[in-house]
Amino acid sequence: MISDATEPGPLCLVTGASGYIGGRLVPELLAAGYRVRCLARSPGKLRDHPWVHDTEVVQGDVTDPDSVAAAMRDVDVAYYLVHALGIGSGFEKTDREAARVFGEQARAAGVGRIVYLGGLTPGGVPEAELSPHLRSRAEVGRILLDSGVPTTALRAAVIIGSGSASFEMLRYLTERLPVMVTPSWVRTRIQPIAVRDVLRYLVGSAAMPPEVSRPFDIGGPDVVTYREMMQGYAAIAGLPKRLIVPVPVLTPRLSSHWIGLVTPVPRSIARPLAESLRHEVVCSEHDIARYVPDGEGQPFPLRRALALALRRVQDAQVTTRWSSASLPGAPSDPLPTDPDWSGGSLYTDRREQVVDASPEALWRVIEGIGGTNGWYSFGLAWAVRGWLDRLAGGVGLRRGRRDAVHLRNGDSLDFWRVEEIDRGTMLRLRAEMRLPGLAWLELHADRDDQGRTLYWQRALFHPRGLLGHAYWWSISPFHAFVFGGMARNIAKAAEQGRSAPSPRPVTTH
């Protein structure tokens, strides 16, 4: 996966390429003539991205000096786009250590520039009063600026783009609640920015002169309250004007529960977003335009940014989502190749069904599973499990799919993550729901020894402690309904020629 070394253009290292911004930045850098190297903890997550064969992918972690040093070799510009997003103890320390390692290794390798995307902090507010989320972003920016490497630290507030957590939160709150009692932060002024402008500034920052090393506020031309933003979205989406009643009693913690119940954004991400809206976040300067000039109509007005994002969602052309990156606390252990590896039991439930259809027809049903198509069995049980997961602070079932037809390695799929996909034959999903153990679900399109199309699936569970064993045995009586029904209904759907709906025609923006 290494691009031709004779290609012109400086070499850019991109961290966070499996995330929302990083996954969109890579093709923009390639289009601008740069060579790109991606640093990823799990390179397999990038395997199915359309740009991956034009890049070099190296395995490593930003907290590991050796792997970062290897990734920095011959790099001209290093993009730092990773964050230990979360509310658990220790995430600020992790952010701090990772930034220190990145800066030190960039300096040692002679990197010409670091480019960082952080959060816009409110003016005049003591850092101690900021949310942990914003405080950590500010600290990371300072560490990189103090690294001795010329650094561009871009600071953005709310990013508006199809699939961004901020846009998804705005969209679902507005669409689902015609009348809402809201936290008082809906009256806070913010300066949102279109993701297209963020990408433009990120790419342009690579060519800044070496004497420039400073933070830059980036935002769109509109300063609005969150309430005005919701009303603006409602107008663009053709919805009636929303009745919004702010009340002072909803703390960021309570707000995160409210957001988690109404939107697909889980509490672990909703809380940092809500906390960052407590204070006014408005740009104090627009100096970035000296080095990355704005063209006509740039930066994008809010209404246009909202309209473009909504159009992308409606046309099913969402290239990356907020859930592209793994969520904090979600299990990430790969399926062990040896069921008897040290760790104990691995429970298995296997089902199979002969299918009166081609393997290709069966695969279309398998790849289209989840999201609006559901899970082909006992819908109420899946819905209840999703709600229980949301109440426990998990992701629930409402993340849906990035694409209605095609999956790629690393995609989020309701409360699963695509761990492996062997197109046409096997789909392996890793559970990201709250469980007392690790769980996987495999779906296969195969042929039996008589040449007939065979569908088989297996659910696997590695329990954690006594509670894990008790969990498996308590749900085992329902497997015949859930997993048995799934096998029968997937086979039936393939025989009837059903699969995911065809995507809408691509609209050029």
Side-chain angles (χ1 to χ4, degrees), residues 1 18 40 42-50 52-53 57 324 326 330-341 346-371 373-377 382 399-433 438-462 479 482-495 497-500:
M1 294 190 293
S18 63
S42 303
K45 286 186 177 181
L46 303 179
R47 188 187 65 201
D48 296 326
H49 285 264
V52 71
H53 296 293
V57 179
S324 298
S326 296
S332 58
D333 298 42
L335 178 65
T337 55
D338 180 5
D340 297 320
W341 91 110
L346 186 67
Y347 292 116
T348 302
D349 181 282
R350 179 181 168 118
R351 311 276 167 168
E352 61 181 52
Q353 194 83 20
V354 173
V355 183
D356 187 17
S358 67
E360 292 76 19
L362 174 59
W363 177 253
R364 284 194 293 272
V365 176
I366 291 174
E367 193 173 6
I369 201 166
N373 288 321
W375 292 87
Y376 290 97
S377 73
W382 286 92
R399 287 192 303 187
R401 300 170 52 106
R402 177 192 56 82
D403 184 287
V405 178
H406 302 294
L407 292 174
R408 64 189 184 201
N409 203 37
D411 268 359
S412 60
L413 179 60
D414 293 330
F415 49 39
W416 304 90
R417 172 105 29 203
V418 178
E419 181 174 280
E420 186 61 50
I421 182 167
D422 186 358
R423 206 162 301 282
T425 60
M426 187 273 288
L427 173 64
R428 180 187 301 143
L429 306 174
R430 185 184 68 247
E432 289 193 329
M433 67 196 82
L438 303 173
W440 298 266
L441 178 63
E442 285 187 351
L443 314 176
H444 294 254
D446 207 345
R447 287 191 183 275
D448 63 13
D449 53 9
Q450 299 178 44
R452 299 175 300 180
T453 298
L454 179 70
Y455 169 75
W456 65 274
Q457 69 186 35
R458 61 174 184 164
L460 304 106
F461 183 68
H462 170 47
H479 287 174
V482 176
F483 294 130
M486 175 185 285
R488 291 190 298 273
N489 291 330
I490 285 177
K492 184 177 179 180
E495 291 168 349
R498 289 189 278 136
S499 60

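Closest heavy-atom contact between I421 and V418: CB-CG1, 4.2 Å. The two residues E420 and R47 have their closest heavy-atom pair at OE2-NH1, 2.7 Å. Shown here for V355 and A494, the closest heavy-atom pair between the two residues is CG1-CB, 3.9 Å. Taking each heavy atom of R423 and R408 in turn, the nearest pair found is NH2-CA, 4.3 Å. Here the closest heavy-atom approach between residue M486 and residue W375 is recorded as CE-O, 3.4 Å. The minimum heavy-atom distance linking R401 with G368 is given by the pair NH1-C, 3.3 Å.
The CD1 atom of I490 sits 11.5 Å away from the CZ atom of R488 when rounded to the nearest 0.5 Å. With rounding to the nearest 0.5 Å, the separation of CG in L413 from CG in L441 is 9.5 Å. For the atom pair CH2 (W440) and OG1 (T348), the distance works out to 10.0 Å, reported to the nearest 0.5 Å. Taking CD1 of I369 as the reference point, atom CG of L429 lies at 7.5 Å (rounded to 0.5 Å). Summarising the geometry, atom CZ belonging to R428 is positioned 4.5 Å from atom CD belonging to E442; distances are rounded to the nearest 0.5 Å. Rounding to the nearest 0.5 Å gives a distance of 8.0 Å between CG of D446 and OG1 of T425.
The side-chain tip of R350 points at the ring of W456 from less than 6.0 angstrom away and within 45° of straight on.
Under the 3.5 Å distance criterion, the side-chain polar atoms of S377 are left unmatched by any main-chain donor or acceptor of F483. When atom types are taken as modelled, the side chain of D414 and the backbone of W416 share no donor-acceptor pair closer than 3.5 angstrom. Side chain of D349 to main chain of R458: no donor-acceptor pair is present (N/O by atom type, distance under 3.5 Å, no hydrogens or angles).
Side-chain contact check for N373 versus V365: every heavy-atom pair is 4.5 Å or farther apart. Side-chain atoms of W382 and Y376, non-hydrogen and from C-beta on, never get closer than 4.5 Å to each other.
Around atom NE2 of H406, no more than 12 heavy atoms belonging to other residues, nucleotides or ligands sit under 6.0 Å away. No more than 12 heavy-atom neighbours from other residues, nucleotides or ligands sit within 6.0 angstrom of CG on D356.
Remark: R430 engages E432 in a salt bridge, criterion side-chain N to carboxylate O under 4.0 Å.
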